[in-house]
Every structure is written in structure tokens, then in C-alpha cells.
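Reminder, nothing fancy here: chain letters follow the sequence lines and each chain counts from 1.
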Number of protein chains: 2
Amino acid sequence: MMRNRKGGFGSCTDGKGPACPVEFTLDVIGGKWKGVLLYHMMDSAKRFNEFRRICPGITQRMLTLQLRELEEDGVVHREVYHQVPPKVEYSLTEFGTTLIPIIKLMRDWGLEYQAMQQTTGSQSLGVEG
Amino acid sequence: MMRNRKGGFGSCTDGKGPACPVEFTLDVIGGKWKGVLLYHMMDSAKRFNEFRRICPGITQRMLTLQLRELEEDGVVHREVYHQVPPKVEYSLTEFGTTLIPIIKLMRDWGLEYQAMQQTTGSQSLGVEG
DNA sequence: TTATGTAGTATACAAAATGATACTAAGGAG
DNA sequence: CTCCTTAGTATCATTTTGTATACTACATAA
């Protein structure tokens with residue numbers, strides 16, 4: 001029970017709906033790398049190894065898994081060019097573009113408070129006071 | 001290496017800044033329950049067992065852990081009332097309220113496409129075509 | 001004395017997510 | 001033949017997340 005990916009029944013019912021809508025959204029973009037991948041696809045289609053260069057921290061395995069999940073969720077399109085060496089491009093689907101406002105807000109928030117963290121010394125970026 | 005929580009160096013540098021801003025944001029709100037907890041704190045301060053009632057899926061341990069992390073990040077304030085039986089209230093800090101726009105967008109997106117999922121039969125909620 | 005309620009902590013374990021490393025296929029260059 | 005490239009797989013190890021259960025402190029109620 002308590003299935004995480006695509007279970008349907010969230011866990012947090014609260015009477016406001018079938019499951020918590022925020023939980024539903026985080027199911028799609030909440031993976032460790034998904035937001036980042038979507039963020040970089042906003043500009044233009046990206047190839048597998050392009051992501052690897054952009055995010056040196058992600059392993060091949062995780063990149064594959066996260067892209068596959070995004071594909072399953074219908075937010076990312078995978079275009080295979082039958083060439084050698086292989087070429088595969090990932091881009092947002094029409095549905096995927098509905099996530100852009102969220103990604104942009106997350107980018108903006110990150111830009112603002114990431115800077116703050118550097119300034120204050122990376123402790124509790126809080127406003128406190 | 002590759003420290004996940006509060007390490008500072010993200011992993012995704014890409015030349016656009018110290019680390020990917022989206023990744024930074026997801027570090028704060030990306031935990032499995034964090035978005036949901038923040039979402040419910042938007043309305044009003046909540047007590048420990050209130051969260052447990054609202055999200056029956058979360059265990060005491062996880063609730064404690066996630067709330068502690070949100071507190072560490074300075075987005076949640078923990079107010080202890082010295083009473084018996086104990087009373088502890090969790091609410092957004094001033095800094096935490098800066099996340100509200102994101103949470104609201106995530107809620108709206110969830111509300112819209114959660115409904116779609118029910119209609120289409122929970123397959124690939126995609127628009128496809 | 002025992003039971004009740006709150007907000008936890010402690011311990012042990014299970015499952016899921018993530019990471020590290022090595023390996024594959026296929027065609028072209030040398 | 002070997003090496004190079006891309007886009008992955010396969011296998012195993014580790015970390016994170018989640019579950020289950022028992023336990024605490026304190027005041028009040030019965």
C-alpha cells in the first residue's frame with residue numbers, strides 16, 4: 001500500500017478532494033532532478049549527454065530513470081534519431097508546458113534566496129527578526 | 001560528497017550561477033511531505049496531531065523529521081506552549097510566506113490535472129496530439 | 001491506582017530512491 | 001583490430017524514506 005508513483009490515492013485526503021493537490025503536483029515534479037531537467041528543457045530540446053554536462057552530479061542511471069518517469073507522466077517528449085552514434089532529444093510536451101509557470105517561480109525563488117544564503121553564511125536562511 | 005541537505009554546492013552548475021536555482025528551491029520544498037505541510041500551514045497554524053489527522057499517511061517519525069527540516073530551513077516556526085497535555089503549533093515564518101505563491105501554483109496545477117487524471121483513467125495524463 | 005491525551009523519542013526493520021561502476025551496440029576513424 | 005562517440009543497461013552498494021511498536025512526562029479524571 002501507500003504506492004508512491006501513480007498510485008492515485010495520495011494519503012492526505014482532508015476532505016478537500018480526492019488527495020492533496022500539492023502532493024499530486026510534487027509527484028510529477030518533486031523527484032530530485034525532475035525540476036532541474038524541466039527547467040533546462042524550457043529553453044530548448046536537450047540531448048542525453050547535454051543534461052550530463054549541465055548537471056554533473058546526476059548519474060546516467062538516474063538521468064534515464066527521471067526522464068522515463070517524466071515521459072510516462074506525459075510532460076516530456078522523447079525523440080529518437082536513428083543515427084550512429086545515437087541521438088535522442090528531450091523536450092516538453094504541450095502538457096509539459098503547463099508546468100512552466102511553476103518552474104519559473106521556483107527558479108526565481110531559488111535565485112533570490114540562494115544569493116541570501118551565500119551572504120548570510122548558509123545557516124538558516126531565515127528572516128528571523 | 002554530494003551532500004543533499006544544506007550542502008551548498010548543488011551539483012548542477014551550468015555557468016548560470018553557483019548552483020541550479022530550481023534545485024535549491026526543491027531542496028526546501030521537495031521533501032515528500034513538505035509541500036503538503038506548508039500548504040496546510042498557509043491557512044493557519046497547525047498542531048502536531050492536526051497534521052496527523054489531515055495526512056493519515058504520514059507517521060509520527062516522518063512528521064517530526066519533515067517539520068524539523070522546515071524549521072531548520074527557517075520557513076516554519078515552532079511555538080511551544082508549556083501546558084499539560086503539551087501544545088505545539090507550527091506556522092509559516094515571514095520567510096516561509098515567500099513560498100506561498102509557489103505552493104498556490106502547485107495546488108492549482110494539481111487541482112486541474114488531478115481531475116483530468118480521474119477522467120482519462122489515470123494513464124498518461126498527457127495531452128498527446 | 002489506572003486511564004486519557006499531547007507531542008514527541010528510541011529502536012529495529014523494510015522498502016524505495018539514489019549512487020558508483022562496469023558494460024553494451026553500432027558505425028566511423030586511424 | 002582498437003579507439004571514439006552516444007545513449008543507454010546491468011549489477012550492486014548506500015542513503016533516504018517509511019513502518020511498527022514501545023516508551024516518556026505531566027496533569028487531570030475516574
Side-chain angles (χ1 to χ4, degrees), chain A residues 1-7 9-12 23 26-37 41 45-73 76-91, chain B residues 1-7 9-12 23 26-37 41 45-73 76-91:
Chain A
M1 201 167 298
M2 169 107 277
R3 28 189 175 151
N4 211 349
R5 279 203 53 70
K6 294 287 109 127
F9 54 93
S11 42
C12 171
E23 198 180 346
L26 283 173
D27 238 43
V28 177
I29 61 170
K32 175 154 187 188
W33 301 98
K34 289 182 189 173
V36 183
L37 298 178
M41 270 180 271
K46 291 275 178 298
R47 295 180 62 178
F48 192 83
N49 276 2
E50 257 181 296
F51 284 121
R52 298 228 291 150
R53 273 187 290 275
I54 294 172
C55 312
I58 193 168
T59 57
Q60 287 182 317
R61 196 179 99 94
M62 281 313 296
L63 183 52
T64 303
L65 289 175
Q66 302 270 293
L67 286 170
R68 288 288 185 285
E69 289 189 1
L70 289 170
E71 210 190 334
E72 267 180 51
D73 287 340
V76 159
H77 172 69
R78 179 168 177 268
E79 181 78 32
V80 181
Y81 297 86
H82 294 286
Q83 304 175 354
V84 168
K87 176 178 174 183
V88 178
E89 274 189 350
Y90 295 90
S91 55
Chain B
M1 203 167 297
M2 171 106 278
R3 27 186 176 156
N4 210 349
R5 280 202 52 68
K6 294 288 110 125
F9 54 90
S11 43
C12 170
E23 198 180 345
L26 283 174
D27 236 42
V28 177
I29 61 170
K32 173 151 188 192
W33 300 98
K34 288 182 189 174
V36 183
L37 297 178
M41 271 180 271
K46 292 275 180 295
R47 295 180 61 178
F48 191 82
N49 277 0
E50 257 181 297
F51 284 122
R52 296 228 291 152
R53 273 187 291 273
I54 293 171
C55 312
I58 193 169
T59 56
Q60 286 183 316
R61 193 177 100 96
M62 283 313 295
L63 183 52
T64 302
L65 289 175
Q66 301 272 293
L67 286 170
R68 289 288 184 284
E69 288 190 359
L70 288 169
E71 210 190 332
E72 266 180 51
D73 287 341
V76 160
H77 172 68
R78 181 168 175 268
E79 181 77 31
V80 182
Y81 297 86
H82 293 287
Q83 304 175 352
V84 168
K87 176 178 173 181
V88 178
E89 274 188 351
Y90 295 89
S91 55

Kindly say if [X] contacts the phosphate of [N], meaning a side-chain N or O under 4.0 Å from OP1 or OP2.
X	N	value
A:Trp33	C:dT18	no
B:Arg47	C:dA7	yes
B:Lys32	C:dA17	no
B:Arg52	C:dG5	no

Shortest non-hydrogen contact between B:Tyr90 and B:Arg68, atoms and distance: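 In terms of heavy atoms, the two residues are closest at OH-NH1, 3.6 Å.
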Smallest separation among heavy atoms of B:Leu70 and B:Val28, with atom names: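 That closest heavy-atom pairing would be CD2-O, 3.8 Å.
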A:Glu89 side-chain N/O to A:Ala45 backbone N/O, donor-acceptor pair under 3.5 Å: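 It does not hold such a pair.
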Donor-acceptor pair under 3.5 Å, A:Arg61 side chain vs C:dT18 base: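 Result: at least one qualifying N/O pair found.
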Just call it for [X]: base, sugar-phosphate, or nothing, with non-hydrogen atoms closer than 4.0 Å on any strand.
X	answer
B:Arg78	sugar-phosphate
A:Glu50	nothing
A:Phe51	nothing

Gap between atoms CD and C1', on B:Gln66 and D:dT19 respectively (whole Å):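 Going from CD in B:Gln66 over to C1' in D:dT19 covers 15 Å.
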Distance, rounded to the nearest Å, where A:Gln60 contributes CD and C:dA20 contributes C1':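 A:Gln60 atom CD is separated from C:dA20 atom C1' by 11 Å.
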B:Phe51 six-ring centre to B:Lys46 NZ/CZ under 6.0 Å and within 45° of normal: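 So B:Lys46 doesn't make the cation-pi contact.
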Within-4.5 Å side-chain heavy-atom neighbours: B:Leu67 and B:Met41: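 In contact.
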Proximity to DNA chain D (any heavy atom under 4.0 Å), residues of residues 80-87 of chain A only: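 Going residue by residue through residues 80-87 of chain A, the ones with a heavy atom under 4.0 Å of DNA chain D turn out to be A:Pro85, A:Pro86, A:Lys87.
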